[in-house]
**Q** 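Following this message is one structure expressed as structure tokens.
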There are 2 protein chains.
Amino acid sequence: MKRLQLEDLSKQLGYSKTLISMVLNGKGNQYGISKKTQTAVLDAVAQLDYTPNKFAKALRTGKSYFVGLIVADISNPFYSTIAKNIEHVLFERGYNLMVCSTEENEEKEKRLVEMMLNQQGVDGVIVSTTFKDSSFYDQPRFAKTPLVFIDRLLPLFNTNYVVIDNYGGSLEIVSHLVKDGSKKIACLSISPSYLSTIEDRVNGYKDALIKNKLKQDNDLIKMIHFESINADVENAMRELLARHPDLDAVYALNNHIATALLKTLRKKEFENYNGKLKIACFDDIELFNIIDKKVVSVSQPIEEIGKNASLLMLDIIDGKQVNKSNVVLSTKVIER
Amino acid sequence: MKRLQLEDLSKQLGYSKTLISMVLNGKGNQYGISKKTQTAVLDAVAQLDYTPNKFAKALRTGKSYFVGLIVADISNPFYSTIAKNIEHVLFERGYNLMVCSTEENEEKEKRLVEMMLNQQGVDGVIVSTTFKDSSFYDQPRFAKTPLVFIDRLLPLFNTNYVVIDNYGGSLEIVSHLVKDGSKKIACLSISPSYLSTIEDRVNGYKDALIKNKLKQDNDLIKMIHFESINADVENAMRELLARHPDLDAVYALNNHIATALLKTLRKKEFENYNGKLKIACFDDIELFNIIDKKVVSVSQPIEEIGKNASLLMLDIIDGKQVNKSNVVLSTKVIER
DNA sequence: AGTTATATCTAAATCCTTTTAAATTTCTCT
DNA sequence: AGAGAAATTTAAAAGGATTTAGATATAACT
């Protein structure tokens with residue numbers, strides 16, 4: 001049973017391929033096809049399991065109705081939640097989502113961007129980049145395809161983006177800790193620390209200390225490598241507590257670190273401290289609702305990132321948004 | 001700066017489009033292009049930022065190098081982990097992944113399947129279906145496109161699938177509870193319960209009771225609706241404990257239910273029981289490593305599902321696998 | 001009726017590859 | 001040198017839609 005094509009419809013209906021194509025694409029009026037003919041065609045085709053060949057259509061029109069999404073790790077609930085919301089918006093508008101994980105690997109990201117932005121397989125690309133600077137993205141041959149950055153952005157690169165207010169959220173939660181009585185707050189940061197999100201959070205932390213007149217001490221900021229979180233957190237805490245017995249709060253810059261921190265503090269080695277330390281985390285996860293330990297957290301509007309980014313992308317594709325659009329979503333502190 | 005195409009290369013290199021296309025596709029030898037010419041072409045093109053138009057290629061060859069993935073909820077870590085592994089395998093082989101979430105909505109699943117299986121936009125579809133029976137999938141017009149089911153399968157539908165041994169895992173963990181001394185074990189199931197995964201887990205639970213000579217009692221099996229998990233679990237526990245004061249273990253059929261259960265048991269209302277109840281869960285999540293409560297769980301080889309399904313899909317696409325392939329992966333009990 | 005304007009419809013070009021079938025060049029051998 | 005075989009290369013067709021430019025039918029007007 002061969003696939004039907006316009007040629008077949010033309011024979012069966014007695015109208016030209018041209019006319020049928022016009023009607024099927026809703027351009028009947030525009031091209032002056034009579035109402036009678038239009039309904040005749042639509043009725044006849046409705047019976048007939050015909051769908052236009054996507055490739056032929058894309059070849060001719062240059063539109064694929066695909067949007068690409070590039071993130072560091074699609075299995076990370078943060079990104080998969082964004083993906084879900086993007087997919088939802090796109091589906092409503094007849095678009096499909098192509099998802100790729102870079103696994104924090106710059107080489108893979110390059111290949112993916114190359115493929116998506118240069119090979120015109122997609123109508124637009126939404127990306128959370130692992131890159132440090134914009135030189136790669138800032139090439140003329142990439143400028144043809146609409147681009148929206150999410151979550152992370154590149155310094156000095158003028159493009160569309162939807163991010164959250166990492167600086168503000170961080171400032172707020174650390175200030176909250178201070179008001180709650182904390183005097184010495186450690187910060188467990190993550191490398192690669194050049195990511196805009198991390199940088200902003202660290203700056204928020206520092207500025208909160210300044211504003212609240214606490215002593216700044218770089219020894220209180222520890223780097224946790226994203227590939228060895230558990231071990232690094234444990235070492236960091238051991239060091240911190242040895243050097244700063246008066247430590248009274250720890251601020252984890254993301255949920256993975258907070259999770260590792262909670263695990264660490266349950267060990268016998270730390271049992272004397274566990275009760276005394278307040279814990280804060282940038283990112284709010286279900287776990288915090290289940291454990292006894294009270295964790296104060298910054299909740300990010302994750303769904304909103306996806307929704308905003310995809311709507312923005314569609315506007316750009318449709319030519320409704322010509323200037324670069326920059327969206328910064330605000331966060332909320334969750335006390336417990 | 002216009003996109004380069006074969007025509008341009010032809011003019012610049014002084015060879016025909018045909019020859020260049022052949023060489024670029026690695027078919028130089030096959031078509032008897034001289035070694036000298038081949039290297040000349042390859043060298044010249046390497047300088048020139050040319051990539052073939054995907055749509056023209058797909059139109060001519062009928063291959064899109066896209067594989068579709070349809071799951072109930074891409075933001076669910078279970079599925080997003082599968083997605084990540086699928087994407088990884090596909091990327092290595094030059095394929096891309098198109099991801100769609102049905103949101104447990106049959107209508108959306110129909111539209112997606114229609115689009116993917118009937119509109120030949122993708123070379124194959126991997127799906128975790130929300131459907132109850134196979135009548136929709138079992139249509140001749142869908143048979144053209146390779147199909148691999150994952151996680152959930154449809155009764156009596158002869159197709160490729162990669163699933164885990166839900167029955168066996170369930171049997172094992174419940175037997176484990178019994179050996180550990182439990183005499184009365186409740187089961188928190190989830191609706192829609194016709195999903196093959198759920199059905200198998202319930203059957204494993206029942207058979208474990210029989211094998212271990214415990215009394216079966218349908219009153220111990222509670223249905224939790226997937227859209228009101230927290231409330232349903234709380235009600236279920238209230239009922240169970242009222243009617244069965246000697247209850248000594250609760251078996252949650254998935255991680256969401258276990259999470260809700262843990263939250264519920266922390267409430268004052270249940271504090272007298274919390275210590276006495278053993279908890280088991282089908283699915284192993286990081287949370288269980290962080291909380292004090294010892295949860296025994298069934299760990300599923302989630303990554304393996306994705307890897308197996310995508311490798312199988314590629315084999316089918318490449319014609320290496322003609323018979324239907326059925327893979328059942330086994331689980332592991334994690335004690336704590 | 002004959003011409004012009006208007007409403008409908010269609011043939012052919014186009015998008016850019018890959019592949020088939022055929023043409024050309026080179027080589028081998030008498 | 002010339003015929004036939006082998007080695008290279010290319011012109012043209014095909015894939016299936018959309019769109020341009022043009023054709024035909026109908027209406028309107030003198």
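So that the names make sense, note that chain A is the first sequence line, chain B the second, and so on, each numbered from 1. Keep in mind that what you see is a predicted model, and the values were worked out from it rather than measured. In what follows, every heavy atom counts, from backbone to side chain, and hydrogens, waters and symmetry copies are set aside.
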**Q** Without decimals, in angstroms, what is the distance between A/Lys35 NZ and C/dT8 P?
**A**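 The distance from NZ of A/Lys35 to P of C/dT8 comes to 9 Å, rounded to the nearest Å.
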**Q** Going by modelled atom types, is there a donor-acceptor pair between the base of D/dA17 and the side chain of A/Thr61 at under 3.5 Å?
**A**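 It does not, because no donor-acceptor pair links the side chain of A/Thr61 to the base of D/dA17 below 3.5 Å.
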**Q** Taking only side-chain N and O atoms of B/Tyr50, does any of them lie within less than 4.0 angstrom of OP1 or OP2 on C/dT17?
**A**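 Yes.
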**Q** For A/Tyr79, check ring pair (Phe, Tyr, Trp, His ring centres under 6.0 Å) against everything at least two apart and list the hits.
**A**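 Checked A/Tyr79 against ring pair (Phe, Tyr, Trp, His ring centres under 6.0 Å); zero matches.
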**Q** Tell me the interatomic distance from A/Leu6, atom CG, to D/dG15, atom P, rounded to whole angstroms.
**A**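 After rounding, the gap between these two atoms is 15 Å.
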**Q** Is there, by distance only and without an angle test, a donor paired with an acceptor across the side chain of A/Ser34 and the base of C/dA7 below 3.5 Å?
**A**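 Side chain to base: no pair present.
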**Q** Nearest 0.5 Å please: distance from the CZ atom of B/Arg93 over to the CE atom of B/Met313.
**A**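 That separation rounds to 12.5 Å.
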**Q** How are the rings of A/Phe157 and A/Tyr137 set to each other: parallel, tilted or perpendicular (split at 30° and 60°)?
**A**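 Tilted: the ring planes of A/Phe157 and A/Tyr137 meet at 30° to 60°.
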**Q** Measure the spacing between OH of A/Tyr194 and OG1 of A/Thr130 and express it to the nearest 0.5 Å.
**A**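 Between A/Tyr194 OH and A/Thr130 OG1, I get 6.5 Å after rounding to 0.5 Å.
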**Q** Roughly, in whole Å, what's the span from CD in B/Gln30 to C1' in D/dA7?
**A**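 That distance rounds to 16 Å.
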**Q** Using heavy atoms and a sub-4.0 Å distance, could you list which residues of residues 22-29 of chain A are near DNA chain C? By number, please.
**A**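 Within residues 22-29 of chain A, the residues near DNA chain C are A/Met22.
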**Q** For the atom pair CD (B/Gln321) and CG (B/Leu311), what is the distance rounded to the nearest 0.5 Å?
**A**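 Reported to 0.5 Å precision, the distance equals 11.5 Å.
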**Q** Hey, which of B/Arg152, B/Glu109, B/Glu106 is the one that makes side chain to side chain donor-acceptor pair (under 3.5 Å) with B/Thr129?
**A**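 Between B/Thr129 and the candidates, side chain to side chain donor-acceptor pair (under 3.5 Å) is satisfied uniquely by B/Glu109.
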**Q** Reading DNA chain C from 5' onward, which residue's closest nucleotide shows up sooner: B/Gln5 or A/Tyr31?
**A**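 Comparing both residues, the 5'-ward one is A/Tyr31.
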**Q** Please report, rounded to the nearest Å, how far the P atom of C/dT24 is from the CD1 atom of B/Ile33.
**A**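 In whole Å, C/dT24 P lies 17 Å from B/Ile33 CD1.
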**Q** Verify the distance criterion only: is there a donor paired with an acceptor across the side chains of A/Ser325 and A/Asn160 at less than 3.5 Å?
**A**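 There is no such pair between these side chains.
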**Q** With respect to the phosphate group of D/dT10, does any side-chain polar atom (N or O) of B/Ser16 fall under 4.0 Å of OP1 or OP2?
**A**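 True: B/Ser16 side-chain N/O within range (under 4.0 Å) of D/dT10 OP1/OP2.
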**Q** What's the CD-P distance between B/Glu7 and C/dT14, to the nearest Å?
**A**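 Distance, rounded to whole Å: 12 Å.
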**Q** Which of residues 52-59 of chain B have a heavy atom under 4.0 Å from DNA chain D?
**A**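 Contacting residues: B/Ala56, B/Leu59.
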**Q** Given atom CD1 of B/Ile20 and atom C1' of C/dC16, what is their separation to the nearest angstrom?
**A**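 Taking CD1 of B/Ile20 and C1' of C/dC16, I get 13 Å after rounding.
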**Q** Nearest-Å distance, NZ (A/Lys63) to C1' (C/dC15)?
**A**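 One finds 16 Å between C1' of C/dC15 and NZ of A/Lys63, rounded.
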**Q** Please determine if a side-chain N or O atom of B/Ser21 lies less than 4.0 Å away from the OP1 or OP2 oxygen of C/dT18.
**A**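 Yes, within the criterion.
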**Q** Tell me: CZ of B/Arg60 to P of D/dA17, nearest whole Å?
**A**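 It is 15 Å, rounded to the nearest whole Å.
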**Q** According to the interplanar angle, ranging from 0 to 90°, do the rings of A/Tyr65 and A/Tyr95 count as parallel (below 30°), tilted (30 to 60°) or perpendicular (above 60°)?
**A**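 A/Tyr65 and A/Tyr95: tilted rings.
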**Q** Are any of B/Thr37's side-chain N or O atoms less than 4.0 Å away from OP1 or OP2 of D/dT9?
**A**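 It does, given that an N or O in the side chain of B/Thr37 lies less than 4.0 Å from OP1 or OP2 of D/dT9.
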**Q** For A/Lys63, is the NZ atom crowded, meaning more than 12 foreign heavy atoms sit under 6.0 Å from it?
**A**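 Yes.
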**Q** Within this structure, what is the CD1-OG1 distance for the pair B/Ile33 and B/Thr39, rounded to the nearest 0.5 Å?
**A**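 One finds 12.0 Å between CD1 of B/Ile33 and OG1 of B/Thr39.
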